[in-house]
Amino acid sequence: MRPRTAWMGLLTVLLLPVSAQAHEQLQDTPFEEPLGHLAVPAFLKGLSPEVVLAERVAALEATSGILLRGAAARDASLVSDVEAGLAALPPAMRRPPGGKLEFALHPEPAPLGLGDGTKARPDWSEQREQFHLYRYTPSEERRATLRLSRLTDTEAEHVWRRRAVVHAVMQRWDDARGWSKRPQWRRLDGWLLPFERPLTWKESASITYAGAFSRARGQVSASLDLVTFAEELFVPVESLRPDALPEDDQVRCQELSKTRALSEFISEARLGTLPTRGDCPAFDTWAEADALSHLEVLLVAATGRQPQSLFGHLLLRPLWREGATVQGPGFERVVQLVALTGMEEKGLGYLMKGMTGGYSTVFLTGTLGDITHESLELEQRTIRRFRLNLTPGESQRMLERIWELERRGYLGYYFFTDNCAAALLFLLNGSLENGRHVSAPGTLWVLPTATLDTLAKTNVVDAKGLTVPLLEHVPDALESTGDRARRALVEEERLLTKLASLLPSTSLAPLHHVHRRLQSPEPDVRRQAYELLPHAVTTALDAAPPSARAEARDALHAYVAHVVRVERAAVDQAEGEKLAIERERFVSLELKGQGGAAQGVKDRQLLFEREDEMQRKLAVLDRTALLQQALDTAIKRPPTPDELKALVRAEHTEAAFAAATEAQGELNDGPLADVDPRAFLAKDHEQKVELETTWARGALRESGAARTVVSGGVDFPEVGAARPVVSLRTSAMNEALGDARLHGFQSSSELRVLDGELSVEPRWGVPRILGSRLTLVGYRTLLPELPQQQRSFSDSLGWGAEAKMSTDIDRPLPYRATVEAEALGVVAASERFDTFLALGLGAQATMAWSPRETVPTVGPRLSLSHRMGLPGPGNSALRLEATYVPSWRTGITPGFTHEADATLQVEWYLGRISRWSVLLTPRAQVHWEGTLASWAGPGRSLASLPEGLARHRLALGVEVR
C-alpha cells in the first residue's frame, strides 16, 4: 500500500474543520499572501503545496460532496474561497442534498465570474450536478456592485467566488426543501406564477425595481431571488473588510424581512440558527418598536362634490405610545401608498398612464401634518380611522416592511387593479404570521372600500384569546375643515337659539346682523362682518344677567370659534383653487421634463441607496410642498380673466380669514378671556366622537362593492295575465343616496358602476328573458357647497349623471342606450342625508333600435327622490324614486313620446347572521311609456288617454353579504 493511501483517512478527519479555520484566519490576513496554507495542519507543513492542495480538494469531496476538477482543482485561491464559502454556512448545510456537486472553472471571462443562464454562459448543467464558474471580470450592474465600492478588485473577486459557493449550495437546498415556493418568501417581492393573474404569462415579481434584488439574476424567479439573497447574506462585504460598509447599509439592516424568512426556514429544517440581527441604529431609531402601540388604516373619504375622489384612498398610520419626548400630532408618521406622478399635467395622457401602468406605486413615509394639509385642508376630505388587530410580532414585521418598501418597494400602478388598496394588501401579507393571508377583493377591480370589507371579515385571535376582526372602526375620524365647517354651521344655529333664551332680544340684534352677513358668499362682506363681531359679542355679553353670565360667555366663545372654523374652510378651499390655477399656468417645458414621473422615480431611488446619505438629507415627500416649490420658480403664462377673478377672490378670502382670527384674538384676550379654551376643545371633540359613534352604530359595515340581489315577484302587464318574474341584480359598485356605510362613501352621494339586472319568466324548459338593464356608470350628489363657498347658483345644488343600456321584449324597439344629466335641488334633508326629499331637472338622450329601425329621442327629465330612515338595524329605509321624460322622437313617425316610472322600495336590514348580513327589499314598480292622443276639440269627447306600454311589478329581493 502506498504511504499516501495509508494516512488518507486520518487526513480527512483532521481536515473536517479546515474551512472554518480558514475563514477565521482569513479575516485578519492580507490577500497578497498565499491563501492555501492558512488551514494546513502542522504535520503537513513540510509537504509540497501541490500535495497539500490536492489533499484539501480531496477533503472537500469527502466532507461536503464538493468536486473540483481540472483547472478548479489547481487554483489554490479558488479552493480557499470554496472553503470559506462553505464555512459561511451553518455546519449542517455544508453538505448539500442531491449528491456530488462539481464546480467547473472556465477560462472565458464573465461579469462577477458567474453564469447568466444563457447557452453561452450557463450557470448549471447536468440537472444541477455541475455549477459553472468563469474568469472573474468586474460587472457594470449597479445593484450587484453598490455595496462593494470600497473593496479592491482582488477582494471583490474573493467575495463573488465565495458567494458562488453559497449560491450553488443554497440552490440545492431550495430544490430539496422548496423554500422559495412558500408564501412567506413569495409575498415579500410579490412573486406570481404563470396565469396566477390575468396577463401573467411567466413567473414574475410584483416589485419592479432592480434595487430590491441582490443582483439581476434574482429577478428571474423566486428561487433565484432566494439564492442570490443568500449569497449576500452569508458572504456580506464586511466579512472581508469590517469597514467596507456603515452598519445601517449592511444587508442585515436593510433586508430585514428576507433575513427573517430565510432564518425561519433554516431553523424549521433544523439546519442551524442564524445570528441575531444586532444593532441597526437608523432603523431602530426610526421604528421605536418597544413604544409602538398599534397600526391604523386610514380611508381618505370622498368629499361628495368631487367625482375624481369617489373611490377613496388608503393610508397606513403607525401609532406610538408617548415617551419622554412629547411629539406634536403634526409630526406623527403616516405611510402613503401612492403613484409617483411627478409634476405631470392632469390630462388624458395622465389618465391613460394611470390605467396602463405608466406610473409606479411607492411607499412614502410622511407626516400627519403633510396629510392634514393636503387631504383635510386643500381637498377637504375627512379621513376615517380603522385599527389593525395585529400580534406584536406582526406589528414588528409591519415596521420592517415599511422601512424596506420605502427604499425598494416600487410596484406597477394600474388604477383599477394595482392601486393603493393592492399596495396595502401587499405590505400586510408580507407581515402576517402563521400562514394568514388576505386575498384581494377582486381580480379586475380592487376598490379601497372593498378592501376594507375584506380586512374586516378576516377574523384573528387577540392577546386575550378572543376572536376579533382584523380591522375595526375607530369612531374618531380626522375631520376635514369642510366637514368641520358643516358641523360648525349647525352649532352656530344651536348656540344662537340658546343665547336667545339667556339674553334680551335687543342685545342680540347686532349679533344676528353679523351672523347674516357671515353667511354671504362674498369674502369682502364677511370681512366687514368680522370687524363688527367684537362689538356684537361684547354687547350681548354685557346684557347678560349675573346668573347667566358664565353660561352666555361660554356660548359666545363657542359661537366665535365655530364661525372662524367656517372661514378656515373657505380659505383652505381658496388655497386649493389657487394651486390648481397656478399649475395650469405652467409653460416651462424644461420644468415639466424635470418633474416627470420617470425622473422622480430615478431621483428617489438614488436618494435611498445610501442610508448614511439618506439620514443627512431631508427628503421632501409632501406632494403639495413639491408643487409649491415648482410654482416658485416656474415660468407661467398670464392668467385668463376667469383665473384672475378666482385669484383675486382667493386674496380677499385670505383677508377675511385674517380679520376673523384678529376678531377672535381680540375677544379671547378681552371679554372672553375667562373661558378655558382647552375645555372647549375637549368638549367639542367629545361631541364629535359621540356623533360619529352614534352614526357608526346604525351604519352598515360593508361598502357597496360586489353586491348581488336575487328577487322574485309578479308582473302585471297591460295585456295578458300576470306572470312570475325572477330577477338577478349584480353590481360592481352600488351605493345609493342616504346609505350609511363604515367602509363606503358619503351618504350624500350615490355611485353605481356596472350595475345590471336580468329579469326572466320561469317556465318549463328554458326560461324566457323579459328584459335587462345595465348602468355603466351613474353618480348623484345632494351635497351643496357651504354658503360661504358658493360662487354661483349651481353651487347650491346637487347634480347627477348616468349612462345605461336596457332591453325589453315588450317594446316595439326593444334595445336602448341612454345618457342623462340633471341638477338636483334639496327640498329637505337631515344632517347626514339619511332622510331627504330632492327634485331634479335635466335632460335625457336615448337611442332606441330594433333589427329594422333606429330612433333617437331627446328631451327634458324631471325626477323626484325621497328617502326616509326607518327604525331598526343597519340603516333601514323607505325609498321613492320617480321620473318623467317627455322626448321628441325622430324617424318614420316623429313626435313626442312620454315615459314615466315610479318605484317604491323598502330596504329592511335583518341584521347579521353569523358573519353574513341580510337585506330584504320589497319593491312596487309602475312603468309607462307611449304617446298622448291629441284633443278632439271643444264640446267633443276627449281622446287624451295614454297609448303605449304599461307595466306593474311587485317583487321581493334578498341580498346576503
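These figures come from a predicted structure and were not determined experimentally.
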Do any N or O atoms from the side chain of [X] and from the backbone of [Y] form a donor-acceptor pair under 3.5 angstrom?
X      : Y      : value
Asp75  : Ala71  : no
Trp320 : Ala287 : yes
Arg407 : Trp403 : yes
Thr259 : Glu255 : yes
Trp185 : Ala261 : no
Arg277 : Leu256 : no
Thr137 : Ala110 : yes

Rounded to the nearest 0.5 Å, how far apart are [atom1] of [X] and [atom2] of [Y]?
X      : Y      : atom1 : atom2 : result
Thr154 : Tyr136 : OG1   : OH    : 9.5 Å
Gln130 : Ser125 : CD    : OG    : 4.0 Å
His106 : His132 : NE2   : NE2   : 4.5 Å
Phe213 : Ile207 : CZ    : CD1   : 6.0 Å
Leu89  : Arg94  : CG    : CZ    : 7.0 Å
Glu61  : Leu68  : CD    : CG    : 9.0 Å

Using a 4.5 Å cut-off on heavy atoms from C-beta on, say whether the side chain of [Y] contacts that of [X].
X      : Y      : result
Met170 : Glu231 : no
Arg161 : Leu105 : yes
Pro109 : Arg135 : yes
Asp123 : Leu114 : no
Leu428 : Leu455 : yes
Leu471 : Leu388 : yes
Leu364 : Val334 : no
Phe265 : Arg177 : no

[X] versus [Y], closest heavy-atom pair with distance:
X      : Y      : answer
Arg397 : Ser431 : CD-O, 3.4 Å
Asp248 : Ala282 : OD1-N, 2.9 Å
Trp179 : Met93  : CH2-CE, 4.0 Å
Thr200 : Ser204 : CG2-OG, 4.0 Å
Pro318 : Arg333 : CD-O, 3.6 Å
Ser293 : Arg321 : CA-NH1, 3.6 Å

> Given Thr454 and Ser439, is the side chain to side chain contact (heavy atoms under 4.5 Å, CB included) satisfied, shown in steps?
Replying inline: CA-CA 8 Å; Thr454 301; Ser439 299; 5.6 Å; no
In terms of heavy-atom contacts, does [atom1] of [X] have more than 12 from other residues, nucleotides or ligands at under 6.0 Å?
X      : atom1 : value
Asp279 : CG    : no
Lys181 : NZ    : no
Asp290 : CG    : no

> Would you call Glu141 and Arg215 a salt bridge, using N to O less than 4.0 angstrom?
Replying inline: no
> Can you list the steps and then say if Val57 with Ile66 is a side chain to side chain contact (heavy atoms under 4.5 Å, CB included)?
Replying inline: CA-CA 8 Å; Val57 170; Ile66 303 296; over 6 Å; no
> Should Thr152 and Arg241 be marked as a side chain to side chain contact (heavy atoms under 4.5 Å, CB included) after you check the CA-CA gap, both sets of side-chain angles, and the distance that decides it?
Replying inline: CA-CA 10 Å; Thr152 65; Arg241 180 183 292 183; 4.1 Å; yes
>> Show every side-chain hydrogen bond (donor to acceptor under 3.5 Å, both in side chains) that has at least one partner inside residues 108-119, sequence neighbours left out.
In response: Asp116-Thr118
> Excluding sequence neighbours, so at least two apart, what forms ring pair (Phe, Tyr, Trp, His ring centres under 6.0 Å) with Phe131?
Replying inline: Phe103, Trp124, His167
>> Walk me through whether Glu394 and Arg436 qualify under salt bridge (Lys or Arg N to Asp or Glu O under 4.0 Å).
In response: CA-CA 11 Å; Glu394 289 170 339; Arg436 288 194 293 170; 2.2 Å; yes
> Would Leu316 and Val297 count as a side chain to side chain contact (heavy atoms under 4.5 Å, CB included) if you check the C-alpha gap in whole Å, the side-chain angles of each, and the deciding distance to 0.1 Å?
Replying inline: CA-CA 5 Å; Leu316 187 69; Val297 175; 4.2 Å; yes
> Does the salt bridge (Lys or Arg N to Asp or Glu O under 4.0 Å) test come out yes or no for Asp418 and Arg197, once each step is laid out?
Replying inline: CA-CA 12 Å; Asp418 296 79; Arg197 287 184 60 179; 3.0 Å; yes
Expected list for residues 267-275: side-chain donor-acceptor pairs under 3.5 angstrom, two or more places apart:
residue, atom, partner, partner atom, Å
Ser267, OG, Ser263, O, 3.0
Glu268, OE1, Arg182, NH1, 3.0
Glu268, OE1, Arg182, NH2, 3.0

> Does the cation-pi check pass for Arg401 over Phe426, that is, NZ or CZ under 6.0 Å from the six-membered ring centre and within 45° of its axis?
Replying inline: yes
Check the side chains of [Y] and [X] for a donor-acceptor pair under 3.5 angstrom, ignoring hydrogens and angles.
X      : Y      : answer
Asp174 : Ser223 : yes
Thr391 : Glu433 : yes
Arg408 : Gln254 : yes

>> So if I apply the side chain to side chain donor-acceptor pair (under 3.5 Å) rule between Glu232 and each of Arg163, Lys258, Arg252, Arg147, which one comes out positive?
In response: Arg147
> So Trp201 and Phe195, would you call those rings parallel, tilted or perpendicular, with 30° and 60° as cut-offs?
Replying inline: perpendicular
